[in-house]
Amino acid sequence: MAQETLPVALELVFADEGGYSNRSTDRGGSTKYGVTHRTPAAHRGLKSVTADQVKGISRKKAVDIYQRSFWLQCRGDLLPPGLD
């Protein structure tokens with residue numbers, strides 16, 4: 001497995017999680033690209049960020065968040081295809 005699988009995995013995630021959402025029935029709260037408000041807050045050392053800040057997350061920033069917060073931590077580049 002190689003680092004090249006991250007873009008493929010993210011395309012699958014973004015196809016399903018690409019837009020902004022803030023549904024009262026979703027415990028994740030304000031979310032964009034599948035990134036909940038707590039994740040960018042943690043990157044900034046904050047408890048939370050505003051809905052407008054979540055709406056402002058760029059795709060490039062979402063890729064950075066996924067890479068640093070999820071991919072590297074689970075060692076995604078070592079996982080077999082489909083599990084990565």
Distance check, rounded to the nearest 0.5 Å: Trp71 atom CH2 versus Leu79 atom CG?
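With rounding to 0.5 Å, CH2 (Trp71) is 6.5 Å from CG (Leu79).
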Thr25 side chain to Arg23 main-chain N or O, any donor-acceptor pair under 3.5 Å?
no
Indicate yes or no for a side-chain donor-acceptor contact from Lys32 to the backbone of Ile57 under 3.5 Å, with no hydrogens or angles considered.
yes
Less than 4.5 Å apart, side chain to side chain, heavy atoms only: is that true for Thr5 and Asp77?
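No. Closest side-chain heavy atoms not under 4.5 Å.
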Under the side chain to side chain contact (heavy atoms under 4.5 Å, CB included) rule, collect the residues that match up with [X], sequence neighbours excluded.
| X | result |
| --- | --- |
| Asp52 | Thr50, Lys55 |
| Arg27 | none |
| Ser58 | Lys60, Lys61 |
| Ala42 | none |

[X]: side chain to side chain donor-acceptor pair (under 3.5 Å) partners, not counting sequence neighbours:
| X | value |
| --- | --- |
| Glu11 | Arg59 |
| Glu17 | none |
| Ser48 | His37 |

Pair Val35, Val54 - check side-chain contact (heavy atoms from CB on, under 4.5 Å), show working.
CA-CA 8 Å; Val35 176; Val54 174; over 6 Å; no
Minimal non-hydrogen separation, Ala51 against Asn22, with atom names:
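Closest approach of Ala51 to Asn22, heavy atoms only: CB-ND2, 4.3 Å.
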Kindly give the heavy-atom pair with the smallest separation between Arg38 and Gly28, and that separation in Å.
NH1-O, 4.1 Å
Using the side-chain contact (heavy atoms from CB on, under 4.5 Å) rule, take Ser30 and Thr36 through it: C-alpha gap first, then chi angles, then the decisive distance, then the call.
CA-CA 6 Å; Ser30 187; Thr36 67; over 6 Å; no
Test ring pair (Phe, Tyr, Trp, His ring centres under 6.0 Å) applied to Tyr66 - qualifying residues, sequence neighbours left out
Phe14, Phe70
